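A short write-up of the structure that comes next.
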Number of protein chains: 2
Amino acid sequence: YSSGYGAAPAANDPMWGYFTAIAGQDGEVDAEELQRCLTQAGFTGTYSPFSLDTCRIMIAMLDRDFTGKMGFNEFKELFTALNGWKQNFMMFDQDRSGSIEPHELTQAIAAMGYRISPQALNAIIKRYNKGGRIYFDDYVACSVKLRAVSDNFRQRDTMQQGSVTFQYDDFIQCTMSI
Amino acid sequence: YSSGYGAAPAANDPMWGYFTAIAGQDGEVDAEELQRCLTQAGFTGTYSPFSLDTCRIMIAMLDRDFTGKMGFNEFKELFTALNGWKQNFMMFDQDRSGSIEPHELTQAIAAMGYRISPQALNAIIKRYNKGGRIYFDDYVACSVKLRAVSDNFRQRDTMQQGSVTFQYDDFIQCTMSI
Ligand SMILES: [Ca+2]
Ligand SMILES: [Ca+2]
Ligand SMILES: [Ca+2]
């Protein structure tokens, strides 16, 4: 009866019809479909729509079977995460200009519960700023990646010692897919 | 007298004037300047110009002091790498359509000298394809990242054992900046 994880059967879920309309014939959502769906749903509001690249990163984060597409449970998981990140961003972008300052990104990352050194934060800011500011699209790409990278690390840190030994090939797979 | 690395003083280098014109007042090249320069120089030829995101990744690869900008030696190093990747890409893109097939990306990566498992290659293809093909811009972003990720790994694999132990913070810094 259960569809796994103790959730209700997908067909009874109010989001199911929405998902199937977006996913099309193959029953899964790819980057182009995700971009179209988030744009049409007005998710970004007055902010610029997500770039295709950010959509690909979002899918890569959840795409545990490496099909490059999202099933229903992954789709719902992404929406939950996106809503959280958007609320977090708007808390700092009080003038609704669509961008925040580097020190606000630092605060946002701390608010997400990550404990990261100033040096690593500096590297993140350098990577995700445009002209000294962090735009919503890049903020989401950064949040998605930070979560995926941390998940990858945590999965391998089975003893919770804060350190992981990577083989080269595993390191490549882990870093190149996100 | 020497400008380091045994190279000739920068002012005598034929590319110096070109570099200073692009770099502007701060004497370093950022992502916007790099994009403009590669577009105006016609580097991509009939291929689509590089996205700003790919330019940022290119700079991040070489930006060892995390300023988000490139000095003269880094600029020259990037041009050398770019020329190699372009030649490599054109070898596979024989009809000059601007894109190659997944199995050709696999061959191109092997031609660059990387030894990567089919599973990791699959993850790379899933990340960098658009509609089942790999475009020049994404091919360059992939090549840049593969090189940076491999460099990061090799620097830490001092015993050349093919495995590296990462602390969480170092892993974040290493993966988030590229
Ligand atoms: Ca689909
Ligand atoms: Ca703002
Ligand atoms: Ca400059």
Side-chain angles (χ1 to χ4, degrees), chain A residues 30-32 51-54 56-57 59-60 63 65-69 109 114-132 137-138 141-142 145-146 148-150 152-154 156-157 160-178, chain B residues 30-32 51-54 56-57 59-60 63 65-69 109 114-132 137-138 141-142 145-146 148-150 152-154 156-157 160-178:
Chain A
D30 61 27
E32 281 86 356
S51 67
L52 194 56
D53 211 58
T54 296
R56 284 198 283 171
I57 296 167
I59 289 182
D63 183 28
D65 54 358
F66 290 112
T67 60
K69 299 174 182 183
I109 288 173
Y114 295 103
R115 297 194 60 186
I116 298 174
S117 72
Q119 205 184 353
L121 283 166
N122 193 27
I124 292 172
I125 288 162
K126 289 287 144 53
R127 170 66 184 82
Y128 287 96
N129 88 85
K130 281 195 178 102
D137 181 80
D138 291 315
C142 172
K145 186 159 170 177
L146 192 50
V149 163
S150 299
N152 278 341
F153 190 89
R154 205 175 299 118
R156 289 165 177 82
D157 185 17
Q160 297 187 304
Q161 296 192 311
S163 71
V164 170
T165 301
F166 282 89
Q167 303 298 310
Y168 174 68
D169 199 75
D170 184 32
F171 185 69
I172 290 295
Q173 195 176 328
C174 192
T175 53
M176 292 297 293
S177 61
I178 47 178
Chain B
D30 61 27
E32 281 86 356
S51 67
L52 194 57
D53 211 58
T54 296
R56 285 198 283 172
I57 296 167
I59 289 182
D63 183 29
D65 54 357
F66 291 113
T67 61
K69 299 175 182 182
I109 288 173
Y114 295 103
R115 297 192 60 185
I116 297 173
S117 71
Q119 205 185 354
L121 282 165
N122 193 28
I124 292 172
I125 288 162
K126 288 287 143 52
R127 171 66 184 82
Y128 288 97
N129 89 86
K130 282 194 178 103
D137 181 81
D138 291 315
C142 172
K145 186 158 170 176
L146 192 51
V149 163
S150 298
N152 278 341
F153 190 89
R154 204 175 300 118
R156 287 165 177 82
D157 184 17
Q160 297 187 304
Q161 296 193 311
S163 71
V164 171
T165 301
F166 282 88
Q167 302 298 310
Y168 174 68
D169 199 74
D170 184 32
F171 186 68
I172 290 295
Q173 195 176 328
C174 193
T175 52
M176 290 298 292
S177 60
I178 47 178

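Sequence lines set the chain letters: A, B, ... in the order given, protein chains first and strands last, and positions in each chain run from 1. Keep in mind the model is a prediction, meaning the values are calculated, not measured.
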- [ ] Using non-hydrogen atoms and a 4.5 Å limit, figure out which bit of Leu52(A) sits close to chain B: side chain, backbone, both or neither.
- [x] side chain

Task: Which portion of Cys174(A) sits near chain B, non-hydrogen atoms under 4.5 angstrom - done: side chain

Does any backbone or side-chain atom of [X] lie under 4.5 Å from a heavy atom of chain A? Answer side chain, backbone, both or neither.
X	answer
Arg115(B)	backbone
Ile57(B)	side chain
Ser150(B)	both

Task: Top contributor to chain A contacts, counting heavy-atom pairs under 4.5 Å, from Asp157(B), Leu121(B), Asp138(B), Ile59(B) - done: Asp138(B)

Where [X] and [Y] come nearest, the two heavy atoms and their spacing:
X	Y	answer
Ala123(A)	Gln173(B)	CB-CG, 3.9 Å
Gln167(B)	Ser163(A)	NE2-CB, 3.4 Å
Phe153(A)	Phe171(B)	CD1-CD2, 3.5 Å
Glu32(B)	Gly131(A)	OE2-N, 4.3 Å

Task: Arg56(A) side-chain N/O to Asn129(B) backbone N/O, donor-acceptor pair under 3.5 Å - done: yes

- [ ] Measure the spacing between CE of Met176(A) and OH of Tyr128(B) and express it to the nearest 0.5 Å.
- [x] 4.0 Å

Task: Asp170(B) side, atom CG; Ser117(A) side, atom OG - distance, nearest 0.5 Å - done: 9.0 Å

Open item on the list: Counting heavy-atom pairs closer than 4.5 Å to chain B, which one of Leu146(A), Ile172(A), Thr165(A) comes out on top?
Closed with: Thr165(A)

